[in-house]
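Let me begin by presenting the structure, written as structure tokens, before commenting on it.
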Amino acid sequence: MSKDQRVQVDAMLRQPRPEGPRSVEAIRAGFEALMARMIVPDGMRTVRTTLGGRPALHVQPDNGPRDNGPRDNGPRDNGPRDNGPRDNGPRDNGPRDNGPRDNGPRAGTILYFHGGGWVYGSPESVLSLTGHLVAKTGFGAYSVDYRLAPEHPFPAAIEDALSAYRALLDGGQDPSAVVFAGDSAGGGLAVTTCLAARDAGLPLPAALVAFSPGLDATRTGRSMDAKEGIDPILTRKSVEHTGAMYLAGADPHQPMLSPAVLADLTGFPPMLIQVGTNEILLDDSTRLAARARAAGVDVILDVTADVPHVFQAFAGVLDEADEALDRAALFLGQRIRAAGAAHTSAA
């Protein structure tokens, strides 16, 4: 772990910003510019597709099987890395045929929800996260381009995320081989989509991973004020500004908006929550973990010192980011193998 790396990342995130509330267009453009600076790993293929009626980005290991998703038919995966034999890379050793239709022990699909305060962000903006998860796990991922506020406020994002999960199940995916993951607002969306799936009577995914999730629209966590100024990117004012666009007048005191303080997590799959200490949203994670434990859910609260919001995006720059993604990949692989074994035994 490098103090110099943490200092450099903190300084980069503290670049001067315009005073006062910014327009939606300026917020979106600024975020895309920031995320374009993140390192996206080699060795994967990306295909624009649809899932549950919404655009999505299908991210696959470059050495994985072709056309292994329910919407990937057609000449859409013929980029330059698709040429030549597919089994000549170092990651081809062992049982690594890991597409969503594979029956081997590494089969798995990550359903990913990008961050951005429910107002900005896209599947492309989080390729540093989905790409590293795909590279480290060998699983494929679908990153959902869900509708954003203010054009589409609550509960549009949850509806789109649930529709994407339904599409995977309707396409033949085994829920024991599906995991939810997301960062920031997308981490919160992973949790609320799991709530929505449970309430709809759908089988739940094998596991859930949340990076610095936003889980409390009431903004009552002590860290909201205690970490003000320590957090180099988020402020109470900034999250309340974008949060109001998503709420559009809805009462934040409901489980689908504030699961960290109001949700019943009974029956949830195992969860990994990763968060940094330099975040105003720190208590969103700590309180959700406490609720999960109280509900009898297997939960790992993974707190890293002196790192910012969604520090995992700095993989390749920040040692703690790479190490956190290694832990996330290990967790996902363990949970899919365990769920698959349980499913096989039950059958």
Side-chain angles (χ1 to χ4, degrees), residues 51-52 54 56 69-70 98 100-101 103 105-113 133 137 139-144 146 155 157-183 185-211 213 215 254-260 262-274 285 288-301 328-347:
L51 192 65
R54 289 298 304 168
N98 48 13
R101 291 292 192 276
N103 294 320
R106 294 295 295 174
T109 297
I110 301 167
L111 186 59
Y112 197 90
F113 309 113
L133 285 177
T137 62
F139 303 151
Y142 287 94
S143 187
V144 182
Y146 57 86
I158 299 172
E159 293 170 347
D160 290 348
L162 184 62
S163 293
Y165 183 48
R166 285 186 187 273
L168 287 180
L169 298 181
D170 292 346
Q173 293 276 0
D174 187 333
S176 69
V178 177
V179 295
F180 290 176
D183 65 282
L189 189 54
V191 173
T192 52
T193 302
C194 205
L195 284 172
R198 185 196 62 188
D199 292 349
L202 297 178
L204 297 186
L208 189 156
V209 170
F211 300 139
L215 299 161
Q254 51 182 299
M256 289 297 183
L257 287 167
S258 300
L262 294 168
D264 175 7
L265 303 178
T266 301
F268 257 49
M271 302 170 62
L272 171 65
I273 306 167
Q274 292 186 342
S285 292
L288 187 81
R291 293 189 74 83
R293 284 194 298 269
V297 176
D298 289 342
V299 59
I300 300 172
L301 176 63
L330 176 63
F331 172 82
L332 291 176
Q334 289 174 332
R335 298 325 307 171
I336 282 188
R337 286 195 296 273
H343 179 78
T344 300
S345 298

Handout entry: Donor-acceptor pair, side chain of Arg54 and main chain of Ala164, under 3.5 angstrom
Key =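 Looks like no, no N/O pair under 3.5 Å.
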Taking all non-hydrogen atoms of both residues into account, name the closest pair between [X] and [Y] and its distance.
{"X": "Ala56", "Y": "Val144", "value": "CB-CA, 4.3 Å"}
{"X": "Pro205", "Y": "Pro269", "value": "O-CB, 3.2 Å"}
{"X": "Leu208", "Y": "Cys194", "value": "CD1-CB, 4.0 Å"}
{"X": "Ala197", "Y": "Leu204", "value": "CB-CD2, 3.9 Å"}
{"X": "Ala263", "Y": "Leu195", "value": "CB-CD1, 3.8 Å"}

Exercise for the section: Hey, can you tell me if Phe180 and Phe113 have their rings parallel, tilted or perpendicular (30° and 60° cut-offs)? Expected result: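 The rings of Phe180 and Phe113 stand perpendicular, inter-plane angle above 60°.
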Practice task
State, with a plain yes or no, whether a side-chain heavy atom of Met271 is found less than 4.5 Å away from one of Leu288.
Solution key: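 A side-chain contact under 4.5 Å exists here.
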Practice task
For the residue pair Val209 and Leu133, establish whether any side-chain heavy-atom pair is separated by less than 4.5 Å.
Solution key: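 Answer no - side chains too far apart.
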Practice task
Take Val299 and Phe268 through the side chain to side chain contact (heavy atoms under 4.5 Å, CB included) test and state the conclusion after the steps.
Solution key: CA-CA 10 Å; Val299 59; Phe268 257 49; over 6 Å; no
Exercise for the section: Any pair with a residue in residues 158-168 that passes side-chain hydrogen bond (donor to acceptor under 3.5 Å, both in side chains), sequence neighbours left out, goes on the list, sorted by first then second residue, please. Expected result: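 Listed by first then second residue: Arg147-Glu159, Arg147-Asp160.
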Practice task
Provide the full list of side-chain hydrogen bond (donor to acceptor under 3.5 Å, both in side chains) pairs with a residue in residues 186-200, sequence neighbours left out, each pair given once.
Solution key: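 For residues 186-200: none.
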Mind checking what makes side-chain contact (heavy atoms from CB on, under 4.5 Å) contact with [X], not counting sequence neighbours?
{"X": "Ala157", "answer": "Trp118, Tyr146, Leu189, Tyr246"}
{"X": "Ala206", "answer": "Val179, Ile336, Ala339"}
{"X": "Ala290", "answer": "Arg293"}
{"X": "Leu262", "answer": "His253, Pro255, Ser258"}

Problem - Rounded distance [0.5 Å steps], CG in Leu332 versus OG1 in Thr137 - result: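 The OG1 atom of Thr137 is 6.5 Å from CG of Leu332, to the nearest 0.5 Å.
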